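We name chains A, B, ... by the order of the sequence lines, and we start the count at 1 in each one. Predicted model, so just to flag it, every value in this text is computed and none were measured.
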Number of protein chains: 2
Amino acid sequence: MTLKDLARELGVSTATISNAFNRPDQLSPKLREHILTEARRLGYSGPDARARSLRTGRSRIIAVILAESLTYSLNDAVSSELLSGIAEVLDTRGHTLLLLSGRQNAASVPGASSIADGFIIYGLMPSLKLFSDLPPERPLVAVDFDIEDHATVHVDNEPACYAIARHALRVPTRRPAVINLRLTEQPCNGRIDDDQALLSAERTITRARLAGFQRAFVEAGIDPAEVPMWNIEENTFEVCTPVIEEILDLPDAERPDLLLCMSDRIALTVVTLAEQRGLRIPEDLRLTGFDGIAEGQYRAPRLTTIRQDSTEKGRIAARMILGMEPAESRVMATEMMIGDTCP
Amino acid sequence: MTLKDLARELGVSTATISNAFNRPDQLSPKLREHILTEARRLGYSGPDARARSLRTGRSRIIAVILAESLTYSLNDAVSSELLSGIAEVLDTRGHTLLLLSGRQNAASVPGASSIADGFIIYGLMPSLKLFSDLPPERPLVAVDFDIEDHATVHVDNEPACYAIARHALRVPTRRPAVINLRLTEQPCNGRIDDDQALLSAERTITRARLAGFQRAFVEAGIDPAEVPMWNIEENTFEVCTPVIEEILDLPDAERPDLLLCMSDRIALTVVTLAEQRGLRIPEDLRLTGFDGIAEGQYRAPRLTTIRQDSTEKGRIAARMILGMEPAESRVMATEMMIGDTCP
DNA sequence: AGGGTGGACTGGAACGATTTAGTTAGCAGC
DNA sequence: GCTGCTAACTAAATCGTTCCAGTCCACCCT
């Protein structure tokens, strides 16, 4: 049952049917009513979205392309919040959300995605060539990384990390350490030995956060090169666990007494494993996180962390895509939250 | 730059261009190579998905329609797991995921969604008329509720709840209570007074879970009508909090010593608020959850709960939609996990 | 009565691909 | 030299809408 069938059935033109569904002012209310009830009776459920999108060139679909796998992204608090901010704005404007991962079968992305009216890209894409495959005339906003000639949304990673490290280092600290998130070029889940060689040039966020920490170290009279660093490959409890066990199970004399973590998930894993080992927080171990996810604020000890409003980040990206605000490069402020893990 | 432009530019037919992209065996490798490189040079990024989906009738998009708002669904562990299971399967088969909420502007759903090749519907939809608006010939799978003439995926709610309640009631219990999730017809966040009148006829899952609890009560010689019940409207910390505070702040003589909760989120909120009040778990208060979300298994006390594999539920729904397994009514087994909150 | 106006509706050309039913050329087999 | 076959490519119909450019008619004004 197509629009044309319905038109023939009712003895009117296809244009009139189309108008009945899309532009009520273009036909008499009586006829419109007639058309709509007949349509329902004959089982015509409105203009086909496929044909419509071809003809109008718009689908009311916005694609979000995520650097990580969808499985990871959907279970990660930060990306979920981002998505929910995006969804919120799209919903109010009658748009819908197409979820794509840039990771696995990157090949399928350009094909399927060209149906979307605009693109929000989250996180650094392994295959940068992907961008050139996207229809160049449609809007594109990058979130949490930089890309030439396109709007981006960020938080102020460096100053935020400087601030929280400074806060942490007010208290005399014997053995500070840093747990990075995806800092290295090559996958590396554990201690980072070769300080420079492994630093990824592309992970601008991680580098900015580390730079903030290091600025605070220098200011506190600590040589950053002396601060031990670990790296974590994926922001999940399972992946964090072995690395953090390695750290917590060091002999007392070597175990850090301050852990600057690059995410709340890492920090929460530290809390969990420290509790299991009877380590007291903050007496035996102080730690800070990053993100400000809800889970870190419910139960004691509440994380000392940097809260970034990922939901708002998503809203902004969505508004930029929909042209509700200028698509420019934008840096959002963060907020330090002093919890129990590093008072 | 369209396929037709490219064809004219290269002096071949549109069919040949189309074949170059879709059916390599239909033309000589040499010509195909030529076409692909020229396409890239001239900025043609492959066949337009909109035109293609109109012509072929398939978009390689599967729509997931969620009963709750997207904001809620994306932040809820259970629906996120479901989505990630769906995404996992779709991804491996080159399909993508369109996220729709049946809640807000249900009007936009039929319009936008008719682009999808199939539909997965999660949770009871407030407006059942929605189904009649979906193109009837495309496959549809319902998850966690029943709908006539369509495949469904469920877990065995009643037996699972019977089993866990039976486990909990082995220990002599003075004042058991139940915290329901969305049981009532009318919104009600708090104590349920009028036992029968408010029970929603549509919330089949909640009713099945409650029935399981009640069967165990009867078996333990407890009159279910004497067991106090509360209701929670939305499975979030914020919405749970006031209700659970009301329960925990009852005078000692009235405060339940066993709480059968219909979700882990509710149970975790109980744990959090009980800790704040210095109540010991399980000595002062025993409790059980439902779902088996990861967050409930990391930190002590680990929840005693029913684990349902929501990820697998999603995988099954997706496989049914893609025709990888028969689309029938399917009930999945659950697993009781004895944690610390009700040993 | 004639001209002007505007509301209601229609015809038909796009939109950008896919696909069926060919056509052509080249070559092997006898 | 003729037939038959295959590989390589093409012409044109089609998918289901939207929307521009009209047509038609009723009504109002002078």
What nucleic acid atoms does B:Thr14 come within less than 4.0 Å of, heavy atoms only: base, sugar-phosphate, or nothing?
base
Ignoring hydrogens and geometry, is there a side-chain-to-backbone donor-acceptor pair from B:Arg319 to B:Met324 under 3.5 Å?
no
Just checking B:Ile17: base, sugar-phosphate only, or nothing, at a heavy-atom cut-off of under 4.0 Å?
nothing
What about A:Arg52: does its side chain form a donor-acceptor pair under 3.5 Å with the base of D:dT17?
no
Residue met sooner reading DNA chain C from 5', once A:Leu27 and B:Asp48 are mapped to nucleotides:
A:Leu27
Check if the side chain of A:Arg55 and the base of C:dA14 share a donor-acceptor pair of N or O atoms closer than 3.5 Å.
yes
Regarding A:Thr16, tell me which of base, sugar-phosphate or nothing describes its non-hydrogen contacts under 4.0 Å with the strands shown.
base
Assess, by modelled atom type and distance only, whether the side chains of A:Thr16 and A:Asn19 contain a donor and an acceptor separated by less than 3.5 Å.
no
A:Asn19 side chain N/O closer than 4.0 Å to the phosphate oxygens (OP1, OP2) of D:dT18?
no
Does a side-chain N or O from A:Ser13 land closer than 4.0 Å to OP1 or OP2 of C:dT10, or not?
yes
So B:Ser18, base contact, sugar-phosphate only, or nothing? Heavy-atom distance under 4.0 Å.
base
Exercise: do B:Asn75 and A:Ser80 side chains pair donor with acceptor under 3.5 Å
no
Nucleotide C:dA8, atom P - distance to NE2 of A:His34 in whole Å
17 Å
In A:Leu70, A:Leu98, A:Ile115, the residue satisfying side-chain contact (heavy atoms from CB on, under 4.5 Å) with B:Thr96 is A:Leu98
Name the nucleic acid region contacted by B:Phe21, choosing base, sugar-phosphate or nothing; use a 4.0 angstrom heavy-atom cut-off, strictly under.
nothing
